[in-house]
Amino acid sequence: MTNYKSDFLKVMDERGYLNQVTDTDALDDKASSGILTAYMGFDCTATSLHAGSMMAIMAMRRLQQAGHKPIILLGGGTTRIGDPSGKDSARQILTPEKIEENKAGIRKNFENLISFGDGPTDAVLVDNADWLLNLNYIDLLRDVGKHFSINRMLTFESVKQRLERDQPLSFLEFNYIILQSYDFVELNKRFGCTLQMGGSDQWGNIVSGIDLGRRMTGADLYGLTIPLLTTSTGAKMGKTAEGAVWMNGDMLAPYDFWQYWRNADDADVGRFLRLLTDMPMDEISRLEGLEGAEINDAKKILANEITALVHGRDAAKAAEQTAQKTFEQGTIGDDLPRISVGADRLSSGINILDALVETGLAKSKGEARRLIKQNGAKLNDGPIADDQVTVADADVNDGVVKLSVGKKRHALIEA
């Protein structure tokens with residue numbers, strides 16, 4: 001571990017956030033001698049960020065906790081093009097209306113994790129549409145594009161990977177690098193921002209922004225990348241077989257979010273506690289040293305702390321109590337996902353395939369049919385005979401019908 005002067009880089013290092021840094025000594029000096037203003041960008045491709053993005057938000061939280069100023073940049077402009085980094089194909093082109101809807105949803109992801117306001121270290125939320133949509137294309141080519149070398153851009157991983165896999169890279173996407181680089185220059189002019197942070201797949205874009213700032217304004221800019229959030233096996237975090245682990249509660253119930261972290265692999269507990277919670281390092285060391293059945297206690301703490309940060313302490317407590325009732329006491333927890341279907345519909349009967357899809361336990365009737373065939377789905381904790389079974393009044397216990405997939409996914413149906 002490097003002996004950094006600044007609290008910011010010390011914490012980033014000891015908790016495992018550092019991947020690559022440009023001019024480490026100069027950045028360390030700057031972070032130890034005053035308030036550092038840094039930004040991280042988030043394109044608006046969905047109405048919520050997912051769990052894989054939480055590490056990036058936590059890195060900005062560490063910056064603010066160390067006494068520095070975060071800028072959260074929403075890509076209202078760049079989302080119209082799509083970042084080719086890490087992608088084998090072009091992103092779907094979204095309408096301006098959809099981008100605005102996504103932007104409004106993503107704002108919620110930062111509310112509990114970053115402090116916004118007018119103070120010197122309060123975060124600000126910015127949209128790059130404010131300057132990108134007003135750019136004149138000829139002026140952009142003449143004033144910005146002239147500083148970019150096609151030869152060099154072809155060496156960036158985001159470009160090389162697409163070309164090596166014989167996947168088309170549109171001229172539209174190729175411009176993304178230029179626009180992200182220009183964002184850094186604009187944020188430096190407007191807010192005195194001198195550091196861009198991002199995932200490890202953003203290194204080429206970040207370095208390009210630093211170079212553009214030097215060429216256009218002579219500014220001294222810095223870059224820092226964090227590792228992508230992966231499991232101990234190297235798998236990317238944030239998605240499961242059932243879909244993305246969204247941070248917004250209206251897209252994924254806090255209980256399901258809690259369960260995702262409760263089911264973490266034993267080998268990941270310590271690292272996730274360091275990266276995704278504010279727990280003290282000595283307590284994390286104790287928890288990750290637990291073995292056997294005791295590691296489950298550490299996993300519950302992990303799930304509680306992450307869920308509390310994203311959804312609030314009350315939601316985390318409710319999720320834990322629901323899990324305890326459901327798994328340890330064999331009763332129905334109050335916080336299980338539930339749907340209301342109406343008394344008339346329940347009285348006439350609902351096909352089990354429709355019920356599994358509507359509760360979100362299966363993505364499609366085909367998947368529901370396979371689950372039943374493989375004995376992977378249950379009705380009121382009992383086996384489902386076939387896919388012609390109906391859920392009706394006779395199945396109601398204590399006002400609800402319980403559907404389950406596997407041992408850990410449950411949902412309730414009520415009239």
Side-chain angles (χ1 to χ4, degrees), residues 1-21 24 26-42 49 51-74 106-126 187 191-200 222-229 247 261 269-288 301-313 316:
M1 188 174 294
T2 306
N3 187 24
Y4 294 108
K5 294 185 296 184
S6 65
D7 291 339
F8 170 54
L9 288 182
K10 283 178 184 175
V11 171
M12 292 287 282
D13 188 28
E14 70 178 0
R15 285 191 173 257
Y17 290 97
L18 294 185
N19 183 61
Q20 291 173 291
V21 183
T24 305
L27 179 61
D28 192 29
D29 286 340
K30 192 170 183 65
S32 63
S33 60
I35 296 176
L36 178 69
T37 301
Y39 94 93
M40 188 178 288
F42 299 85
L49 300 176
S53 300
M54 190 177 170
M55 182 168 164
I57 302 175
M58 288 299 291
M60 296 301 279
R61 181 178 173 88
R62 304 299 181 215
L63 175 87
Q64 189 170 52
Q65 288 172 335
H68 302 292
K69 187 178 187 68
I71 297 174
I72 304 300
L73 179 68
L74 297 184
I106 289 173
R107 283 195 184 102
K108 301 175 186 176
N109 298 150
F110 301 98
E111 291 174 355
N112 292 338
L113 295 165
I114 305 291
S115 177
F116 293 88
D118 299 323
T121 63
D122 285 335
V124 293
L125 191 72
V126 183
L187 289 171
F191 299 97
C193 178
T194 54
L195 172 65
Q196 181 182 175
M197 297 166 60
S200 57
Y222 306 92
L224 184 156
T225 63
I226 59 176
L228 298 180
L229 186 61
M247 292 177 66
W261 300 106
V269 172
R271 188 161 56 91
F272 290 168
L273 284 168
R274 282 189 290 273
L275 294 170
L276 304 175
T277 80
D278 287 336
M279 293 190 67
M281 291 293 288
D282 55 353
E283 177 63 6
I284 292 174
S285 297
R286 183 188 72 79
L287 290 172
E288 70 178 333
I301 292 172
L302 172 70
N304 282 338
E305 293 302 312
I306 297 178
T307 305
L309 283 173
V310 175
H311 296 293
R313 185 64 63 181

Are side-chain heavy atoms of I306 and M54 found at a separation under 4.5 Å?
-> yes
Find out whether M55 and P227 are in side-chain contact, i.e. whether some heavy atom of one side chain is under 4.5 Å from a heavy atom of the other.
-> yes
Would you call R62 and D278 a salt bridge, using N to O less than 4.0 angstrom?
-> yes
Looking at D28 and S6, what are the two nearest heavy atoms and their distance?
-> OD1-OG, 2.7 Å
What's the verdict on side-chain contact (heavy atoms from CB on, under 4.5 Å) for M12 and I226, showing C-alpha distance, side-chain angles and the deciding distance?
-> CA-CA 9 Å; M12 292 287 282; I226 59 176; 4.2 Å; yes
Residues F110, F42; criterion ring-ring contact (aromatic ring centres under 6.0 Å, His included); working and verdict = CA-CA 11 Å; F110 301 98; F42 299 85; 5.1 Å; yes
NZ (K5) and NZ (K10) are apart, to the nearest 0.5 Å, by 10.5 Å
To the nearest 0.5 Å, tell me how far I57 CD1 sits from N112 CG.
-> 10.5 Å
M40 side chain near L63 side chain, heavy-atom distance below 4.5 Å | no
For Y222, ring-ring contact (aromatic ring centres under 6.0 Å, His included) partners two or more places apart = none
Euclidean distance, L27 CG relative to F8 CZ, rounded to 0.5 Å | 6.5 Å
Between T37 and G192, what is the shortest heavy-atom contact and its length?
-> CB-O, 4.0 Å
A38 versus M197, closest heavy-atom pair with distance = CB-SD, 4.2 Å
Going from CG on L276 to CZ on R271, what distance comes out if it is rounded to the nearest 0.5 angstrom?
-> 9.0 Å
Kindly compute the distance separating CZ (F272) from CD1 (I284), expressed to the nearest 0.5 Å.
-> 13.0 Å
With side chains defined as the heavy atoms from C-beta onward, is the minimum distance between Y39 and V126 less than 4.5 Å?
-> no
Main-chain N/O of D122 paired with K69 side-chain donor or acceptor, under 3.5 Å | yes
Are the side chain of N19 and the backbone N or O of S200 linked by a donor-acceptor pair below 3.5 Å?
-> no
Closest non-hydrogen atoms of L273 and T277, given as atom of the first, atom of the second and distance, are O-OG1, 2.6 Å
Do you know the tightest heavy-atom contact between W261 and L302?
-> O-CD2, 3.7 Å
Stepwise side-chain contact (heavy atoms from CB on, under 4.5 Å) test for I301 and V269 = CA-CA 10 Å; I301 292 172; V269 172; over 6 Å; no
Sub-4.5 Å side-chain heavy-atom contact between R15 and M58 | no
Taking the side chain from S32 and the backbone from D29, do they hold a donor-acceptor pair closer than 3.5 Å?
-> yes
Where do L36 and A31 come nearest, in terms of heavy atoms and distance?
-> CD2-CB, 4.1 Å
CG on L125 to CD1 on I72, rounded to 0.5 Å | 7.0 Å
Between R61 and Q64, is any side-chain donor less than 3.5 angstrom from a side-chain acceptor?
-> no
Validation row: V11, Q65 side chains within 4.5 angstrom (heavy atoms) = no
Taking the side chain as C-beta and beyond, is there a heavy-atom pair between R107 and L74 under 4.5 Å?
-> yes
Residues R286 and E283 bridged, charged N to O under 4.0 Å | yes
Return the set of residues passing side-chain hydrogen bond (donor to acceptor under 3.5 Å, both in side chains) with R313 (not counting sequence neighbours), or none when no residue passes.
-> E305
Please tell me if the side chains of Y4 and T24 come closer than 4.5 Å, counting only heavy atoms from C-beta onward.
-> yes
